[in-house]
A.B. asks: 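Please read through the structure below; I'll follow up with questions.
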Amino acid sequence: MEIYDIVVIGGGPAGMAAAVAARQMGIEKILLIERDRELGGILQQCIHNGFGLHNFKEDLTGPEFS
């Protein structure tokens, strides 16, 4: 059994930011749990527009952006 200082549930943007912030605060044993195969995704239900405007200058839905 492993023991962690912090466990972050969800590897989306907020979860990854939480893990990074914890590491910057000196926490070393961090477990990041994500249900999908890759980190950083956006919920598939985020079908509204607006994603991608800042980075790609293109209006995308959440799934298209991820």
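Scope of the values below: all heavy atoms of this structure, side chains included, with no hydrogens, waters or symmetry mates.
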A.B. asks: In Å and rounded to the nearest 0.5 Å, what is the CG to CD distance from Asp5 to Glu28?
C.D. replies: 8.0 Å
A.B. asks: Go through the steps to decide whether Met16 and Leu32 satisfy the test side chain to side chain contact (heavy atoms under 4.5 Å, CB included), and finish with yes or no.
C.D. replies: CA-CA 8 Å; Met16 290 193 307; Leu32 181 58; 4.2 Å; yes
A.B. asks: Taking the side chain as every heavy atom from C-beta outward, state whether Val7 and Ile33 have any pair of such atoms under 4.5 Å apart.
C.D. replies: yes
A.B. asks: Side-chain heavy atoms under 4.5 angstrom apart, residues restricted to Ile, Leu, Val, Met, Phe, Trp, Tyr: same cluster for Leu39 and Val20?
C.D. replies: no
A.B. asks: If you look at every heavy atom in Ala22 and Ile30, which pair is closest and at what distance?
C.D. replies: CB-CD1, 4.0 Å
A.B. asks: Do Leu31 and Ile9 sit in one hydrophobic cluster, given that two such residues count as connected whenever their side-chain heavy atoms are within less than 4.5 Å of each other, even indirectly?
C.D. replies: yes
